[in-house]
There are 2 protein chains.
Amino acid sequence: MKNDIAEILKRNQLSVTESRAKILELFHESRSALAHADIENKTDESYDRVTIYRTLQTFVEKGIIHTIPTADNSVLYALCKDECTQGKHNDNHVHFICDICGTTYCLDHITVPEINLPKGFTPHCTDVVASGICKNCK
Amino acid sequence: MKNDIAEILKRNQLSVTESRAKILELFHESRSALAHADIENKTDESYDRVTIYRTLQTFVEKGIIHTIPTADNSVLYALCKDECTQGKHNDNHVHFICDICGTTYCLDHITVPEINLPKGFTPHCTDVVASGICKNCK
DNA sequence: AAAATATTTGCAACAAAGTTGCATACTGTT
DNA sequence: AACAGTATGCAACTTTGTTGCAAATATTTT
């Protein structure tokens, strides 16, 4: 597992550092999306805030993780599907935010239906954010 | 028009003040969603930041405007459809963010298709955020 | 129409979130 | 093992959002 993580970093031309490996591992362990604060907590604040910001930014640029739109201000991150590469995100998928526990799920396997946009609008990426009650809270 | 604005405020049990009327007018004039900063600019900074924050919050609570989820941190607001009332938003509609000019459109008349969620997930509200090229930038 | 009451505004101070420059520490390479 | 290149942590700063309170404005009552 440790090796897998290092592999992913190398494949993306990133040097393998403790913080990057640890943060990437967190995403692989977690079934739900993570916020900056979650990462600070789950790493016992061993890394500087700035390092976490920069790591997340790097991962997004490399197509390893993506941001999830949320109605409240907060920024969430989740692993990308394999097809994402640097500069090209293919994250047309469905996100589900639980109103009760707040957990955000990235439902990769659910496909986003075709949306009929008005004339003149050309979509490039479509995100669906559903909220309600998740399987653990019902 | 001025009267219309005052009417809307009164209908929502809000006292009619200059800042509220002006901000609500801005939303009615604008075909696209507005951020806090847009409002500061369009009002020539005549109102305190705090007043704008509180006004937006009040409008959201009353069901006059709603927030739009965006992948980058920013918070956007747009007018609600008539069916929204205090505490109950019916904003299951499609938002479109232009990658070029950044304008965010609220496509009220486009309906959100049914999404097949996994077993155990009960949706309560579904937002679609499409991004791409808008009619003015193509 | 003026006084009384209730609400809103703006200021100041604060808290949280995110960014930048730079010296130090670490990683990968020769 | 030494070197070059990159990442990290610190400090300082900016931006964004919040709270308490006195002054100002809106609404209600007389």
Side-chain angles (χ1 to χ4, degrees), chain A residues 2-3 5-26 33-62 64-77 86 102, chain B residues 2-3 5-26 33-62 64-77 86 102:
Chain A
K2 273 271 160 54
N3 280 340
I5 297 287
E7 252 325 298
I8 297 173
L9 291 172
K10 280 181 195 156
R11 190 161 60 233
N12 286 281
Q13 293 123 45
L14 293 174
S15 46
V16 181
T17 65
E18 197 196 314
S19 51
R20 282 180 183 161
K22 182 69 194 167
I23 292 174
L24 187 49
E25 208 183 328
L26 281 181
L34 299 173
H36 181 275
D38 295 328
I39 295 167
E40 271 196 318
N41 296 334
K42 296 202 183 206
T43 54
D44 270 331
E45 290 164 30
S46 342
Y47 309 112
D48 195 84
R49 267 161 10 94
V50 180
T51 302
I52 299 176
Y53 279 120
R54 290 198 266 228
T55 303
L56 290 171
Q57 199 177 295
T58 306
F59 285 0
V60 171
E61 278 162 16
K62 291 291 184 180
I64 301 172
I65 61 176
H66 63 278
T67 57
I68 300 176
T70 56
D72 73 321
N73 192 16
S74 69
V75 192
L76 291 174
Y77 301 87
Q86 173 150 23
Chain B
K2 274 268 159 57
N3 280 341
I5 298 286
E7 252 324 298
I8 297 172
L9 291 172
K10 280 182 195 156
R11 190 161 59 234
N12 286 282
Q13 293 124 45
L14 293 174
S15 45
V16 181
T17 66
E18 196 196 314
S19 51
R20 281 180 183 161
K22 182 70 194 165
I23 292 173
L24 187 49
E25 210 182 327
L26 281 181
L34 299 173
H36 182 274
D38 295 328
I39 294 168
E40 271 194 320
N41 295 335
K42 297 202 183 208
T43 54
D44 270 330
E45 291 165 27
S46 343
Y47 309 111
D48 195 86
R49 267 161 9 94
V50 179
T51 302
I52 299 177
Y53 279 118
R54 290 199 267 227
T55 303
L56 291 170
Q57 199 177 297
T58 307
F59 285 180
V60 170
E61 278 163 15
K62 290 293 185 178
I64 300 172
I65 61 177
H66 63 278
T67 58
I68 300 176
T70 56
D72 73 321
N73 192 16
S74 70
V75 191
L76 291 175
Y77 301 87
Q86 173 149 24

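Bear in mind that the values here come from a model prediction, so they are computed numbers and not experimental data. Below, chain A is the first sequence line, B the second, and so on; all start at residue 1.
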> Taking the ring of B:H36 and the ring of B:Y53, is the distance between their centroids below 6.0 Å?
yes
> How many Å lie between CG on B:D48 and P on D:dA23, as a whole number?
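B:D48 atom CG is separated from D:dA23 atom P by 17 Å.
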> Using whole Å, what does the distance between atom P of nucleotide D:dG9 and atom CD of A:E40 come to?
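Roughly 12 Å, once rounded to whole Å.
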> To the nearest angstrom, how far is B:I39 atom CD1 from C:dT9 atom P?
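Spelled out: CD1 on B:I39 to P on C:dT9 is 13 Å.
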> What is the distance from atom CZ of A:F59 to atom CG of A:N12, rounded to the nearest 0.5 Å?
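These two atoms lie 8.5 Å from each other.
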> Please tell me if the side chains of B:K42 and B:L34 come closer than 4.5 Å, counting only heavy atoms from C-beta onward.
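Touching, per the 4.5 Å side-chain cut-off.
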> Could you give the CD-to-P distance, from B:E45 to C:dG10, as a whole number of Å?
13 Å
> Would you kindly check whether a donor in the side chain of A:R54 faces an acceptor in the base of C:dG18, or vice versa, at under 3.5 angstrom?
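No such pair is found, so the answer is no.
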> Is A:K62 close to A:Q13 at the side-chain level, that is, under 4.5 Å between some pair of heavy atoms?
yes
> Rounded to the nearest 0.5 Å, what separation is found between the OG1 atom of A:T51 and the CD1 atom of A:I23?
8.0 Å
> Look up atom CD in B:Q57 and atom CD1 in B:I65, then write down how far apart they are to the nearest 0.5 Å.
10.0 Å
> Of B:Q57 and B:V16, whose nearest nucleotide on DNA chain D comes first from the 5' end?
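Looking at DNA chain D, the more 5' nearest nucleotide goes with B:Q57.
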> I want to confirm an ordering. Mapping B:Y47 and A:V75 to their closest nucleotides on DNA chain C, which one lands closer to the 5' end?
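Whichever sits nearer the 5' end wins; that is B:Y47.
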> Testing the basics here: between A:A35 and A:D38, what is the closest heavy-atom pair and its distance to 0.1 Å?
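Closest heavy-atom pair between A:A35 and A:D38: N-OD2, 2.8 Å.
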> Taking CG from B:L76 and P from D:dT16, how many angstroms apart are they, rounded to a whole number?
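Rounded to whole Å, this separation is 13 Å.
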> For B:K10 and B:A37, find the nucleotide of DNA chain D closest to each by heavy atoms; which residue's nucleotide sits nearer the 5' end?
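Taking each residue's closest nucleotide, the earlier one in sequence belongs to B:A37.
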> Could one point to a donor on the side chain of B:R49 or the base of C:dG10 with an acceptor on the other under 3.5 Å away?
no
> Between C1' on D:dA7 and OH on A:Y53, what's the gap in Å once rounded to a whole number?
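Between C1' of D:dA7 and OH of A:Y53: 18 Å.
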> Within the sub-3.5 Å range, which N or O atoms of nucleotides 4-8 of chain C have a protein N or O partner, and how far apart are they?
{"unit_1": "C:dT8", "atom_1": "OP1", "unit_2": "B:R20", "atom_2": "NH1", "d": "2.9"}
{"unit_1": "C:dT8", "atom_1": "OP1", "unit_2": "B:R20", "atom_2": "NH2", "d": "2.6"}
{"unit_1": "C:dT8", "atom_1": "O5'", "unit_2": "B:R20", "atom_2": "NH2", "d": "3.3"}

> For the pair made of CG in A:L56 and P in D:dA7, what is the distance, rounded to whole Å?
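Roughly 15 Å, once rounded to whole Å.
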> Grab the NZ-C1' distance between A:K62 and D:dT6 for me, whole Å please.
12 Å
